[in-house]
Engineer: 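Dumping the structure here so I can ask a few things about it.
Atoms within a ligand are numbered from 1 in the order they appear, just like the ligands themselves. All values below come from the heavy atoms of this structure, side chains included, with hydrogens, waters and symmetry mates left out.
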Amino acid sequence: MMMKTKTIFAWKDRESAVAQAAETLQNGGLVVFPTETVYGLGANAFDADAVRHIFEAKGRPQDNPLIVHIADMERLADVAAEVSETARRLMKAFWPGPISIIVKKSARIPDAVSAGLETVAVRMPGNDLARAIIARAGIPVAAPSANTSGKPSPTLARHAYEDLCGKVPLIIDGGPCRVGVESTVVDATGEVPVILRPGDITPEMIREAAGGVRVHHGVMSEAQKDEVCASPGMKYKHYAPKANVTIFTGDKKEVAKCIHFRYYSDSMQGRKAVVLCLDECAGLYPGCELLTLGAGAKDAEAALFRTLREIDEQGFDAAYFHAQEEKMGLAVMNRIIRAAGHRIVAAGEEKE
Ligand code: TXA
Ligand code: MG
């Protein structure tokens, strides 16, 4: 069913953005709203029908659970039946902020939200506008990223509009998202927190707050198709542009050599290629089409999804990603590995 999609610019009229978003959520409607990570597609987390519309609008598989967003600690009990000591420590250290914490779910949260799991991921977003909307609505808000399933997450309202126009009644434009990659997802039901999806809150930060940390093995490798997933989101190909993305790792100069070779053979065959790298490597690619990701991990997080969309907007057939794992960080590497469909070339060892 197609509907008219209205956009409100929050910087022009914040009060009506908050009021109309809250009212739409209360009435069982969907609202695209900004958070500090990426734009979310929200619905009343208590309303199974509203939540089902999220899955329809995104084309999202039913077995992938949603994150529930709250605006203040007083409402945590609406969502969680049990909050471990580990979870409490993480909430105290990082909320409001870009981390989703998995706890035992309350009976008020329908199976449509948790995809039948006994747990639920809860997040208190760091973005003021997001919290104002949730607080005004007076209900917890279930919200995945506001993209079509399989596309890069939206870091601008325009991205969400491109994916969801005609499928949602309201988009709140709050400008670009500060962080740019989705929240860190942590299972805090046990004693040691387990990172299921890396984000801006790093393993080191979590270790410091909780006294320990594990990174789930699925974070940097492909989950087996029939493996029972700790985080169902891990098994889907994600963030993929239409262009083929290939990652190159290894010594800078070797990487540049490999990429130049591929780039040259592409142009001989009439294929349009582009190189993605940090600023410090831009000089290695004279004469090449280039999309730079900034100086380090924070910049690369903020730029990554927008850049993946630009690859398609500019009609490139191939994208070569010059990886610098140490400098780019776990969150960026995790997203690009999925975007590349796990095509990784160790430079110097390329066999063809
Ligand atoms: O930054 C974010 O987290 C954004 C903004 C809108 O808050 N939301 C977001 O939601 O990225 P989504 O649905 O795109 O990703 C949620 C991830 C999925 O990988 C899902 O499998 C995992 O969290 N997840 C949610 N609930 C879970 C649970 N109970 N157990 C394990 N994984 C869970
Ligand atoms: Mg998502």
Engineer: Any donor-acceptor pair under 3.5 Å linking the side-chain atoms of S183 with those of R197?
Structural biologist: yes
Engineer: Donor-acceptor pair, distance only, cut-off 3.5 Å: does the side chain of T155 make one with the backbone of P176?
Structural biologist: no
Engineer: Heavy atoms only: which of P144, P125, S153 lies closest to atom 12 (P) of ligand 1?
Structural biologist: P144
Engineer: Hey, is A143 one of the residues with a heavy atom under 4.0 angstrom from ligand 1?
Structural biologist: yes
Engineer: Should H69 be counted as touching ligand 1, given the test is an N or O pair under 3.5 Å?
Structural biologist: yes
Engineer: Closer than 4.0 Å to some heavy atom of S145 - which atoms of ligand 1 meet that?
Structural biologist: 8 (N), 9 (C), 10 (O), 12 (P), 14 (O)
Engineer: Would you say the side-chain atoms of Y39 pair up with the backbone N or O of G174, donor to acceptor, closer than 3.5 Å?
Structural biologist: yes
Engineer: May I ask you to list the atoms of ligand 1 that are less than 4.0 angstrom from any heavy atom of I102?
Structural biologist: 28 (C), 30 (N), 31 (C), 32 (N)
Engineer: Check whether any N or O atom of N64, backbone or side chain, sits under 3.5 Å from an N or O atom of ligand 1, and answer yes or no.
Structural biologist: yes
Engineer: Do the side chains of K242 and E313 get close enough for a salt bridge, i.e. N-O under 4.0 angstrom?
Structural biologist: no
Engineer: Which bit of T119 is near ligand 1, meaning a heavy atom under 4.0 Å away: side chain, backbone, both or neither?
Structural biologist: both
Engineer: Relative to ligand 1, is R60 under 4.0 angstrom through side chain, backbone, both or neither, heavy atoms considered?
Structural biologist: side chain
Engineer: Report the C-alpha distance between N244 and Y320 in whole Å, list the side-chain angles of each, state the deciding distance to 0.1 Å, and finish with yes or no for side chain to side chain donor-acceptor pair (under 3.5 Å).
Structural biologist: CA-CA 8 Å; N244 274 331; Y320 299 122; over 6 Å; no
Engineer: Can you name the atoms of ligand 1, numbered from 1 with element, that are less than 4.0 Å from a heavy atom of G40?
Structural biologist: 6 (C)
Engineer: For L117, counting its heavy atoms only, list the atoms of ligand 1 lying under 4.0 Å from any of them.
Structural biologist: 28 (C), 29 (N), 30 (N)
Engineer: Over all heavy atoms of both residues, which pair between L291 and E310 is shortest? Give the atoms and the distance, please.
Structural biologist: CD2-OE1, 3.4 Å
Engineer: If we only count N/O pairs under 3.5 Å, is R197 in contact with ligand 1?
Structural biologist: yes
Engineer: Heavy atoms only: give me the nearest D312-P241 pair and the separation to one decimal.
Structural biologist: OD2-CA, 3.3 Å
Engineer: Is it true that a side-chain atom of R131 and a backbone atom of G126 form a donor plus acceptor pair closer than 3.5 Å?
Structural biologist: yes
Engineer: Select one of side chain, backbone, both or neither to describe which atoms of R123 lie under 4.0 Å from any atom of ligand 1, heavy atoms only.
Structural biologist: side chain
Engineer: Using a heavy-atom cut-off of under 4.0 Å, does the side chain or the backbone of P65 touch ligand 1, or both, or neither?
Structural biologist: both
Engineer: Examine S149 and say whether one of its N/O/S atoms is closer to the Mg ion (ligand 2) than 2.8 Å.
Structural biologist: no
Engineer: Just do the side chain to side chain donor-acceptor pair (under 3.5 Å) check on K272 and Q314 with the steps written out, would you?
Structural biologist: CA-CA 10 Å; K272 224 178 123 189; Q314 297 186 28; 5.9 Å; no
